[in-house]
Amino acid sequence: MTQANPRQNVTFPSNGNQAHGYLATPNNDGGPGVIVVQEWWGLDDHIVDICDRLAAEGFVALAPDLFGGRVTHDADEAGELLASLPEDQAARDLGGAVDYLLGLPAVTGDKVGAVGFCMGGGFVLALAAQQGDRIGAAVPYYGVGYVPQDFSTVSAAVLGHYGEQDQMYPVEQARELEAKLKAQAKGPVSMYYYPAGHAFNNEQNHIGTHDPESAALAWQRTVTFLHEQLG
């Protein structure tokens, strides 16, 4: 684990403080903004790669560093980092990231998207509930952790990706989440279920559940969805 994260390349104001993150921009004149919310490993190379891949698709992608530069690939240590993360602070950092993205000249439109993985999947839904119509598209991948109890303020279209063999967030819970979202959220909700386990999208394969076929299909659906919702 390190305290100085070389992946941080931007600083932005957040609730009276300074937050940090990684920003990737497309080679053209700009595009829609997308917040990328990390897994419990921190702002690591996988999340940087997600931002870079989104930029290659024409999006301005920002991953806020919710762990303040701390990165680990040890599951026990990652659990400790997640447990010690103040949920309200993380929500404020994410809100500041929305403000920062929408203020960038390169970002088009008045809404941003949000994509999150594992704990980030839960925070994506929390961010959509917090920010209302400023979030136009929310994409949780196997979201666990801090998931809001009330989705009535979610106006974003939601696209979820969940594993049928997920041991950390069982598919039954994901289907309950889907039903609740469809009953409460204002926007359309679509959930996809894959023959895979938790973290199937992470090619670094820290817990041995990476599924290349499911990951490729989920990514294709994600990019198409973001373009449909954000431009």
Side-chain angles (χ1 to χ4, degrees), residues 5-10 12 19-27 31-67 69-73 78 82 90 93-94 97-98 100-101 104 106-107 112-128 135-145 156 158-163 192 194 196 198-207 209-230:
N5 192 339
R7 302 165 187 85
Q8 295 177 348
N9 66 359
V10 292
F12 53 92
H20 305 275
Y22 176 79
L23 180 71
T25 57
N27 292 326
V34 178
I35 305 290
V36 178
V37 192
Q38 69 189 52
E39 295 173 285
W40 67 349
W41 311 116
L43 178 53
D44 63 1
D45 291 337
H46 172 62
I47 297 301
V48 166
D49 180 62
I50 293 292
C51 290
D52 290 343
R53 290 166 64 188
L54 285 170
E57 297 287 348
F59 300 100
V60 180
L62 172 65
D65 189 347
L66 299 181
F67 287 166
R70 293 169 292 177
V71 174
T72 183
H73 289 146
L82 175 56
D93 286 350
L94 292 171
V98 174
Y100 175 71
L101 264 188
L104 290 177
V107 172
V112 301
V115 180
F117 306 85
C118 186
M119 81 167 205
F123 274 116
V124 157
L125 295 176
L127 182 64
I135 304 296
V139 186
Y141 278 71
Y142 32 84
V144 299
V158 178
L159 176 71
H161 304 293
Y162 293 85
Y192 288 99
Y194 301 82
H198 191 74
F200 64 79
N201 184 70
N202 192 330
E203 75 283 349
Q204 294 183 342
N205 204 28
H206 300 307
I207 61 174
T209 53
H210 175 53
D211 186 311
E213 285 190 21
S214 295
L217 180 56
W219 180 255
Q220 177 187 6
R221 287 169 168 165
T222 296
V223 171
T224 299
F225 174 77
L226 290 173
H227 279 301
E228 289 174 348
Q229 301 301 325
L230 303 173

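Numbers here are sequence positions counted from 1.
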Check side chain to side chain contact (heavy atoms under 4.5 Å, CB included) between Ala138 and all other residues, then give those that pass, not counting sequence neighbours.
Val124, Ala128, Ala156, Val158
If you round to the nearest 0.5 Å, how far is CD of Glu39 from CZ of Phe67?
10.5 Å
Report yes if the side chains of Thr25 and Leu104 come closer than 4.5 Å at any heavy-atom pair, otherwise no.
no
So, do Leu62 and Cys51 sit near enough that their side-chain heavy atoms are less than 4.5 Å apart?
no
What's the shortest heavy-atom distance between Tyr194 and His161, and which atoms?
OH-ND1, 2.8 Å
Grab the two heavy atoms, one from Ala63 and one from Ile47, that are nearest each other, plus how far apart they are.
CB-CG2, 3.7 Å
Specify the closest pair of heavy atoms between Asp93 and Ala19, including all atoms of both residues, with the distance to one decimal.
OD1-CB, 4.1 Å
Those residues at least two apart in sequence (or on a different chain) that pass side chain to side chain contact (heavy atoms under 4.5 Å, CB included) with Val98 are Ile35, Leu102, Val112, Leu127, Gln131, Arg134, Ile135
Can you list the residues that meet the side chain to side chain contact (heavy atoms under 4.5 Å, CB included) rule with Asn205, with sequence neighbours excluded?
His210
Minimum heavy-atom distance between Leu230 and Gly33, given as atom pair plus value
CD1-O, 3.9 Å
The reported gap from OH in Tyr141 to CG in Leu159 (rounded to nearest 0.5 angstrom) is 7.5 Å
Taking the side chain as every heavy atom from C-beta outward, state whether Asp44 and Gln38 have any pair of such atoms under 4.5 Å apart.
no
List the atom of Phe12, the atom of Gly21, and the distance in Å for their closest heavy-atom pair.
CE2-N, 4.2 Å
Assess the residue pair Val139 and Val34 against the criterion (side chain to side chain contact (heavy atoms under 4.5 Å, CB included)); give the C-alpha distance rounded to whole Å, side-chain angles, the decisive distance to 0.1 Å, and a yes or no.
CA-CA 10 Å; Val139 186; Val34 178; over 6 Å; no
Tell me, please, which residues at least two apart from Ala90 pass side chain to side chain contact (heavy atoms under 4.5 Å, CB included).
Leu66, Leu85, Phe123
Rounded to the nearest 0.5 Å, how far does NE2 of His198 lie from OG1 of Thr209?
7.5 Å
Of Asn202, Leu82, Val71, which is the lone residue that meets side-chain contact (heavy atoms from CB on, under 4.5 Å) with Trp41?
Asn202
Of all the heavy-atom pairs spanning Phe117 and Tyr142, show the shortest one and how long it is.
CD2-OH, 3.8 Å
Sub-4.5 Å side-chain heavy-atom contact between Leu23 and Leu101:
yes
Residues passing the side-chain hydrogen bond (donor to acceptor under 3.5 Å, both in side chains) test with Glu203, sequence neighbours excluded, are His46
Can you tell me how far apart CH2 (Trp40) and NE2 (His73) are? Round to the nearest 0.5 Å.
12.0 Å
Sequence neighbours excluded, every pair satisfying side-chain hydrogen bond (donor to acceptor under 3.5 Å, both in side chains) that has a member inside residues 49-58:
Tyr22-Asp52
